[in-house]
S.K.: 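Okay, here's the structure, questions in a sec.
Labels below follow one simple rule: chain letters A, B, ... track the order of the sequence lines, proteins then strands, and each chain is numbered from 1.
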There are 2 protein chains.
Amino acid sequence: MEQLNRKEEIIVTAARLFYEKGYKAISMRDIAAAMDIKAASLYNHIKSKQEILSEIILKVAEEFTVGMECVVAENSSAIKKIEKVIELHIDITVNHSEALAALNNDWMHLEELDLNAFVMMREDYEQNFRKIIKQGIDTGELKPHHPEVILFSILSTLRTLYLWYQKRGKLDVNILKKDMISVLINGIV
Amino acid sequence: MEQLNRKEEIIVTAARLFYEKGYKAISMRDIAAAMDIKAASLYNHIKSKQEILSEIILKVAEEFTVGMECVVAENSSAIKKIEKVIELHIDITVNHSEALAALNNDWMHLEELDLNAFVMMREDYEQNFRKIIKQGIDTGELKPHHPEVILFSILSTLRTLYLWYQKRGKLDVNILKKDMISVLINGIV
DNA sequence: GTCTATAGGATGATAGAC
DNA sequence: GTCTATCATCCTATAGAC
C-alpha cells in the first residue's frame, strides 16, 4: 500500500505545519516544500486541502468519543471516572500532540458535513463529562460548586495540554498522569 | 478626534471577526464589509492589516504585564497573590474577551518587532507566576507538586476563559471570581 | 508519482477621482 | 473619508507530459 503511506506522510507533515501556524496560514506549497515535492503532486494522494484537515481532526475526535464512551459505561465512582478522562486526554496528547492544534483551533474551517459531525461529537463529549460531574456532586464526592466551573476548569487544562507537553520536553507519562490527577482533583493547597 | 474613533471601530470589528475565524481567515474586505464600507477605505485609518493585529494583541498583553507587576509587588501570601492573578484574568476577559482570541491564537502572525515584544512579555508573565508558585511551595502554603504542573493547570484555565465566558452568557463577575478561585485553589473534592 | 504550465479567483495594498 | 479601478502576488486545483 504505497498510496496509503504517502497519504499518511502528507497528513503528518501538514499536522506539524498547522500546529505551528494554523490551517489558513499554511499553503499546499508549504506542505509540498516540507516534503521536497511540488504542490501539484500532493493531489495524486489527497482530494483537497480540506480533506487533509478533516482527516487530522476527525480521526482524533473519534478517539476522544470512543474513549469517553468507555469511561461513561464503567460502573465506578465519579472521581474514578474523572481520573480516567484525565488519563484519556494525556494518552491522546502524547500520541497525537500536533493533531490537537488543528482540533482546538481550526475545526471551524471544516466544511459543512465534517463540521456538523465534529460539533456534534464535541457536544456529546462535554455532555458526558457534565453528567459525570453532576453524578459526583449528587453522591457527595465533589464539592457542590457550579458544575460548569468544574467542567470548564478541568477541560480547558486538558485541552491545552498539547501546547505545554511539546514545550516541556516530554515528561514521563505516568508521573504526568499522577500529578495532573492530583492537582485537578485535590487542588493545590 | 474623528480619526481615532474610526480607527478604534476598525480594531473592534476586526477583533470580533478574528475571534470567530482567526487572523489569517479574515480579509480586509471582510472587515470593511462588516463596517459597510470598502476595503480601500480602511487604509485611511490604518497602515496595514498587521497594524490591526498588533494593536489588538499588544494592548491587552500590556494590561496583563502591568497587572502582574502590581501583584508581584504586593507584600502578601502566595495564595493571596494567586487570587489576585485569577481576578486579573477575569477582569481582562470580561472587558476584552474578543481580543483574547487573537492574543492566544494569532500572536505568531505578528511581524518581527512586535512578535519579539509579545514573546518577551509572555515569558516575563509566566516567570512571575512561577515565582509566586515557588514562594507558595517554599512557605508551605501550597502542596509540593511539580510547580510547572500547577502553573500550567491554572494558566491554561485562565487563558481559555474567554471561550467559555462568551458561550455561557456572561455570569456575574463576582460569583465567577469566587467560584474560580475556590475551584482552582482548593480543588473540587 | 512527479513534474511544468496554467486556469480562475482571492488577497493586501495603492492611485487618484469625488 | 469613501469610492472605483487596478496591480502584483498568492492561493487551490486541474491538465497533460514524462
S.K.: So for atom NZ, which belongs to K143(A), do other residues, nucleotides or ligands contribute more than 12 heavy atoms lying within a distance under 6.0 Å?
M.R.: yes
S.K.: Roughly how many Å is it from CD1 in I46(B) to C1' in dA13(C), rounded to a whole number?
M.R.: 10 Å
S.K.: Tell me if a side-chain donor or acceptor on D124(B) pairs with a main-chain N or O of T65(B) at a distance below 3.5 Å.
M.R.: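 The answer is no, because no donor-acceptor pair under 3.5 Å joins these two groups.
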S.K.: Going by atom types alone, do H45(B) and E9(B) pair a side-chain donor with an acceptor below 3.5 Å?
M.R.: no
S.K.: Find the distance L53(B):CG to dG12(C):C1' and express it as a whole number of Å.
M.R.: 14 Å
S.K.: Take atom CD of E9(B) and atom P of dG1(D), then tell me their distance rounded to the nearest Å.
M.R.: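 Going from CD in E9(B) over to P in dG1(D) covers 12 Å.
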S.K.: Would you say a side-chain N or O of S41(A) is under 4.0 Å from OP1 or OP2 of dC3(C)?
M.R.: yes
S.K.: In residues 20-40 of chain A, which residues come under 4.0 Å of DNA chain C by heavy atom?
M.R.: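 Those residues are I37(A), K38(A), A40(A).
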S.K.: Give a yes or no on whether the backbone of H109(B) and the side-chain of Q50(B) come within a donor-acceptor separation of less than 3.5 Å.
M.R.: yes
S.K.: Heavy-atom contacts under 4.0 Å between residues 102-115 of chain A and DNA chain D, which residues?
M.R.: none
S.K.: Please give, in whole Å, the distance from dT4(C) P to L42(A) CG?
M.R.: 14 Å
S.K.: Taking OH from Y43(B) and P from dC3(D), how many angstroms apart are they, rounded to a whole number?
M.R.: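 From Y43(B) OH to dC3(D) P: 14 Å.
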S.K.: Atom NZ of K49(B) to atom P of dT9(D): distance rounded to whole Å?
M.R.: 19 Å
S.K.: For Y125(B) and H89(B): C-alpha separation, side-chain torsions, deciding distance, then whether ring-ring contact (aromatic ring centres under 6.0 Å, His included) applies.
M.R.: CA-CA 12 Å; Y125(B) 189 88; H89(B) 274 264; 5.7 Å; yes
S.K.: Do S27(A) and D30(A) meet the criterion of a side-chain donor-acceptor pair at a distance under 3.5 Å?
M.R.: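 Side chains of S27(A) and D30(A): pair found under 3.5 Å.
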S.K.: Between A78(A) and I132(A), what is the shortest heavy-atom contact and its length?
M.R.: CB-O, 3.6 Å
S.K.: Evaluate the side-chain contact (heavy atoms from CB on, under 4.5 Å) criterion for residues K81(A) and Q135(A): first the C-alpha distance (whole Å), next the side-chain angles of each, then the deciding distance (0.1 Å), finally the verdict.
M.R.: CA-CA 10 Å; K81(A) 284 179 187 166; Q135(A) 175 199 336; 3.0 Å; yes
